[in-house]
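The structure under discussion appears below in the form of structure tokens.
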Amino acid sequence: MSNELIRLVNCTMAFDNEVVLDNINLNIQNKEFLTLLGPSGCGKSTILSLIAGLLKPVSGFITYYSDDFNAPRVGYMLQHDHLLEWRSVYQNITLGLEIQKKKNIAFKKQYSNRLFHVYELLDKYHLSNVKKQKPSALSGGMRQRIALIRTLALRPDLLLLDEPFSALDYQTRLNVSKDVHDIIKSEQKTAILVTHDISEAISMADVIFVLTKPPCTIKDVLPIEFEANGVLREDMRKSSLFQEYFDQIWREMQDENTEK
């Protein structure tokens with residue numbers, strides 16, 4: 001039985017007759033952490049919009065391997081956390097649930113169970129001690145962790161992470177990206193990360209899709225296999241394999257930058 005969640009086949013996207021994505025083929029496996037890595041402005045976020053169903057390709061097609069073949073429930077994690085400063089951490093996390101309850105009568109029956117799930121997430125990831133605080137009292141890294149829990153509270157099938165760590169300082173970025181990766185893996189969610197940071201892509205992904213400059217195509221598909229090579233994830237940044245991955249991707253991206 002196939003483990004695919006989504007497949008993009010020969011997808012091309014254009015705006016004002018300018019081709020942005022050219023013949024993109026992409027398979028997304030269930031519970032896989034996939035990274036789209038490429039230069040700024042190459043069309044990474046446009047691919048996310050296609051996957052989420054916010055845009056439709058001008059040619060090609062997208063297949064969703066769900067029971068009803070409809071797009072999966074999608075949760076977004078963006079560069080800015082968009083926490084509401086006048087609400088507590090807990091109230092921020094439950095905001096989406098409150099909106100769903102008001103919009104969907106059937107959702108009311110699930111509401112108490114969803115709130116219980118929020119408490120489970122807060123306890124599991126050691127955030128219960130900050131649930132009454134306002135976002136302004138939290139560090140940037142903690143705010144992004146809260147934003148992820150807010151997204152998970154809605155139980156999405158697919159998480160789309162659009163450069164969520166780019167506003168953080170380097171040390172915080174390392175710590176938060178590891179925490180976010182570990183939480184997503186623990187919750188067994190499928191995730192797609194958009195980044196132009198090579199080290200970040202290697203440290204988080206199961207597979208990296210290296211993209212070209214516009215019109216964007218897929219230049220390489222690189223499985224990241226630390227465990228298969230006897231390297232523990234906590235030791236990966238110190239391993240020679242990490243450097244090998246980095247050097248390979250660096251060369252490909254440098255070649256792309258110098259192509260005429």
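Model, not experiment: these values are computed from the prediction.
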Exercise. Determine whether more than 12 heavy atoms belonging to other residues, nucleotides or ligands lie under 6.0 Å from atom CZ of Phe15.
Key: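 Atom CZ in Phe15 is packed in, count exceeds 12.
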Quiz item: Should we count NZ of Lys132 as having more than 12 external heavy atoms under 6.0 Å?
Solution: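 No, because the 6.0 Å sphere around NZ of Lys132 holds 12 heavy atoms or fewer from other groups.
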Exercise. Answer yes when Lys178 and Asp182 have at least one side-chain N-carboxylate O distance shorter than 4.0 Å, and no when they do not.
Key: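 Looking at Lys178 and Asp182, the cut-off is met.
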Quiz item: Taking NZ, NE, NH1 and NH2 as the nitrogens, is one of them in Glu85 or Arg143 under 4.0 Å from a carboxylate oxygen of the other?
Solution: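 A salt bridge is present here (some side-chain N lies under 4.0 Å from a carboxylate O).
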Report the distance from atom [atom1] of [X] to atom [atom2] of [Y], rounding to the nearest 0.5 Å.
X	Y	atom1	atom2	result
Leu37	Cys42	CG	SG	8.5 Å
Ser128	Tyr90	OG	OH	11.0 Å
Tyr125	Asp179	OH	CG	10.5 Å
Asp162	Met77	CG	CE	11.5 Å
Ser166	Glu200	OG	CD	8.5 Å
Ile149	Glu187	CD1	CD	7.0 Å

Quiz item: Between the side chains of Asp22 and Thr217, is a donor N or O closer than 3.5 angstrom to an acceptor N or O?
Solution: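 Asp22 vs Thr217: no donor-acceptor pair found between side chains.
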Is [Y] reachable from [X] through a run of I, L, V, M, F, W or Y residues, each pair having side-chain heavy atoms under 4.5 Å apart?
X	Y	answer
Leu122	Leu95	no
Ile202	Leu174	no
Leu21	Leu54	yes
Leu154	Leu127	yes
Leu148	Tyr119	yes

Minimal non-hydrogen separation, [X] against [Y], with atom names:
X	Y	answer
Gln248	Asp220	NE2-OD2, 3.4 Å
Leu55	Leu50	O-CD2, 3.5 Å
Glu4	Arg7	OE1-NH2, 2.7 Å
Ala191	Leu161	CB-CD1, 4.1 Å
Gly141	Leu168	N-CD2, 4.0 Å
Ser239	Phe226	OG-CE2, 3.8 Å

Check: [X] side chain, [Y] main-chain N or O, donor-acceptor pair, under 3.5 Å:
X	Y	answer
Asn92	Leu84	yes
Gln144	Pro164	yes
Asp169	Gln171	yes
Gln91	Lys131	no
Thr190	Asn30	no
Asp235	Val231	no
Tyr245	Ser203	no
Tyr64	Ile51	yes
Thr195	Asp197	yes
Thr94	Leu97	no

Practice problem: Show your working on side-chain contact (heavy atoms from CB on, under 4.5 Å) between Met13 and Ser49 and close with a plain yes or no. | Solution: CA-CA 11 Å; Met13 191 68 200; Ser49 294; over 6 Å; no
Taking side chain as C-beta onward, heavy atoms only, is [X] less than 4.5 Å from [Y]?
X	Y	value
Ser199	Phe242	yes
Ile62	Cys11	yes
Ile47	Ile192	no
Arg233	His181	yes
Leu83	Arg150	yes
Val221	Phe209	yes
Glu18	Pro214	no
Val9	Asn25	yes

Practice problem: Test Thr35 against every option in Leu193, Ile198, Ile224 by the side chain to side chain contact (heavy atoms under 4.5 Å, CB included) rule and name the one that passes. | Solution: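 Only one of Leu193, Ile198, Ile224 forms a side chain to side chain contact (heavy atoms under 4.5 Å, CB included) with Thr35, namely Leu193.
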Practice problem: Apply side-chain contact (heavy atoms from CB on, under 4.5 Å) to the pair Met236 and Leu241, showing each step before the final yes or no. | Solution: CA-CA 8 Å; Met236 62 183 173; Leu241 184 57; over 6 Å; no
Quiz item: Which is it for Leu158 and Ile6 under the side-chain contact (heavy atoms from CB on, under 4.5 Å) test, yes or no, and what are the steps along the way?
Solution: CA-CA 10 Å; Leu158 174 66; Ile6 302 169; 3.6 Å; yes
Quiz item: Parallel, tilted or perpendicular: which describes the rings of Trp250 and Phe246, with under 30° parallel and over 60° perpendicular?
Solution: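 Geometry flag for Phe246 against Trp250: parallel rings.
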Quiz item: Between Lys189 and Lys31, does a side-chain contact (heavy atoms from CB on, under 4.5 Å) hold up when you go through it step by step?
Solution: CA-CA 5 Å; Lys189 296 297 182 181; Lys31 300 179 184 178; over 6 Å; no
Self-check item: Chi angles and distances behind the salt bridge (Lys or Arg N to Asp or Glu O under 4.0 Å) call for Lys185, Asp206
Solution: CA-CA 11 Å; Lys185 282 296 185 180; Asp206 298 319; 2.6 Å; yes
